[in-house]
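Letters A, B, ... mirror the listed sequences (proteins, then strands); counts begin at 1. As the structure is a prediction and not an experimental result, all values here were calculated from the model.
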Protein chains: 2
Amino acid sequence: MVLARLILGLLCLAPMTGYELKKHFDSSINHFWNADKAQIYRTLAQLVDKGYATVTTVAQSNYPDRQEHHITDAGRQALVGWLSDGAAQGTERDPFMGQVFFAAELPREDIDQLLTERRVKTQAVLDDYLSQREGIDMRAAADRRSFLMAATLDHAIRQQAAELEWLDAVMEHLP
Amino acid sequence: MVLARLILGLLCLAPMTGYELKKHFDSSINHFWNADKAQIYRTLAQLVDKGYATVTTVAQSNYPDRQEHHITDAGRQALVGWLSDGAAQGTERDPFMGQVFFAAELPREDIDQLLTERRVKTQAVLDDYLSQREGIDMRAAADRRSFLMAATLDHAIRQQAAELEWLDAVMEHLP
DNA sequence: AGTAAGTGGGTGCAAAATCAACTAAATATG
DNA sequence: CATATTTAGTTGATTTTGCACCCACTTACT
């Protein structure tokens, strides 16, 4: 359901193929959502037969035909409906915290390793987000759309930074 | 998969019924995972027929029989295997950030309302976490197990606090 | 006396998500 | 020249999750 709305959101910015949607998910949406391509294509099909999008086949000289998906007015309404229906509350879900919660089953050095490993990964994710942000933040304050999109990336950056601080605190005080 | 490990982790602390597991999820695990009770009972059944747990029916005078689930050695090994298999990296997934990402489709006052509403909810979640922490932090530094369990709650608290700061920043600078 | 909430355990079903493979041509890289 | 990678989309099988319902009995509330 959320995926359907996110796809509508992207189609609202520009008509797109499933393939392009997948690339957007991998590049700009990845900090708060991701999706398997099979799931994207199937959701796209659902959107079409609900009347939220239409398809037009665009032939290309060298590459396969593009199945361009265009949002309809009904689709735009559905999107706005979702946005107006109140702030969503996603259920927290982090397998790593589960590992930490039960990490006492491991010997001390393995716990340290677990935390260190996560620290490396978190730092890598943070670096990725920071480099993503470099491309946008100059004109981000300009229009509202860009500002809000950049803001979600900032959120992810803050979350990763907070996690690094937490990891350091845990590693320092672990008895 | 993750749910199965979390259940094993809880069974590792003490033998339990599905009902008790659900209560643990709702009270102490909720800041990083939650689970439907149907899902818990089914996963429990899977654990039993994989040989990771055994059931013993304990009759009670007044209340229904308890199907007490005990972790086996194989179960303990599976748990430790998961913990040793490297730090998990959960895929970020927050529908609210999706709403923010596309919020420019809404008129300005609706955006403010969306953010304000989320702020209220986030504050409520934070308050809940803070009150949960009050019951544990005195002896939390004592043994490693309690420390690690409390640490995951601290993580959730930091995340919620970071989100509040972010929300305030967004509301202040939104063009 | 009647209703709610708690204890304990389930079933059925439908969405949603994941994994893996398969098609098929073009272009880039070694 | 051979092997990836990119473009574009599809199918099948399986797992995970969520929601709604059902049983039966007990204690607490009003």
*Of A:T43 and B:Q67, whose nearest nucleotide on DNA chain C comes first from the 5' end?*
B:Q67
_Measuring to OP1 and OP2 of D:dT7, would you say a side-chain N or O of A:Q60 lies under 4.0 angstrom away?_
no
*B:Y41 side chain near C:dG10 phosphate (N/O to OP1/OP2, under 4.0 Å)*: no
*Kindly calculate the angle separating the two end axes of the helix from C:dA1-D:dT30 to C:dG30-D:dC1, each obtained from five base pairs, and round it to 10 degrees.*
40°
*Partners meeting ring-ring contact (aromatic ring centres under 6.0 Å, His included) with B:Y52 (sequence neighbours left out)*: none
*asked:* My understanding is that only residues two or more places apart in sequence, or in another chain, count here; which of them pass ring-ring contact (aromatic ring centres under 6.0 Å, His included) with B:W166?
replied: A:H155
*asked:* Any residue in residues 9-25 of chain A with a heavy atom nearer than 4.0 angstrom to DNA chain D? Just list them by number, or reply none.
replied: A:T17, A:G18, A:Y19, A:K23
When you compare the protein's N or O atoms with those of nucleotides 22-29 of chain D, which come within less than 3.5 Å of each other, and at what distance?
from	atom 1	to	atom 2	distance (Å)
D:dT27	OP1	B:N62	ND2	2.8

*Roughly how many Å is it from CD1 in A:I7 to P in C:dA16, rounded to a whole number?*
11 Å
*Main-chain N/O of A:V58 paired to A:R66 side chain as donor or acceptor, under 3.5 Å*: no
_Under the salt bridge (Lys or Arg N to Asp or Glu O under 4.0 Å) definition, can you give me all pairs with a residue in residues 97-110 of chain A, not counting sequence neighbours?_
A:E105-B:R145, A:R108-A:D112
Any residue meeting salt bridge (Lys or Arg N to Asp or Glu O under 4.0 Å) with [X], in chain and number order, not counting sequence neighbours:
X: B:K121; result: B:E117
X: B:R119; result: B:D168
X: B:D73; result: B:R76

_side-chain hydrogen bond (donor to acceptor under 3.5 Å, both in side chains) partners for B:D65, two or more places apart_ = none
*asked:* For residues 92-123 of chain A, which residue pairs pass the ring-ring contact (aromatic ring centres under 6.0 Å, His included) check, not counting sequence neighbours?
replied: A:F101-B:F32
Just the table, please: protein N/O against nucleotides 14-18 of chain D N/O, every pair under 3.5 Å.
from	atom 1	to	atom 2	distance (Å)
D:dT16	OP1	B:M1	N	3.2
D:dT17	OP1	A:R93	NH1	2.9
D:dT17	OP2	B:Q39	NE2	2.6
D:dT17	O5'	B:Q39	NE2	3.3
D:dG18	O6	B:R42	NH1	3.1

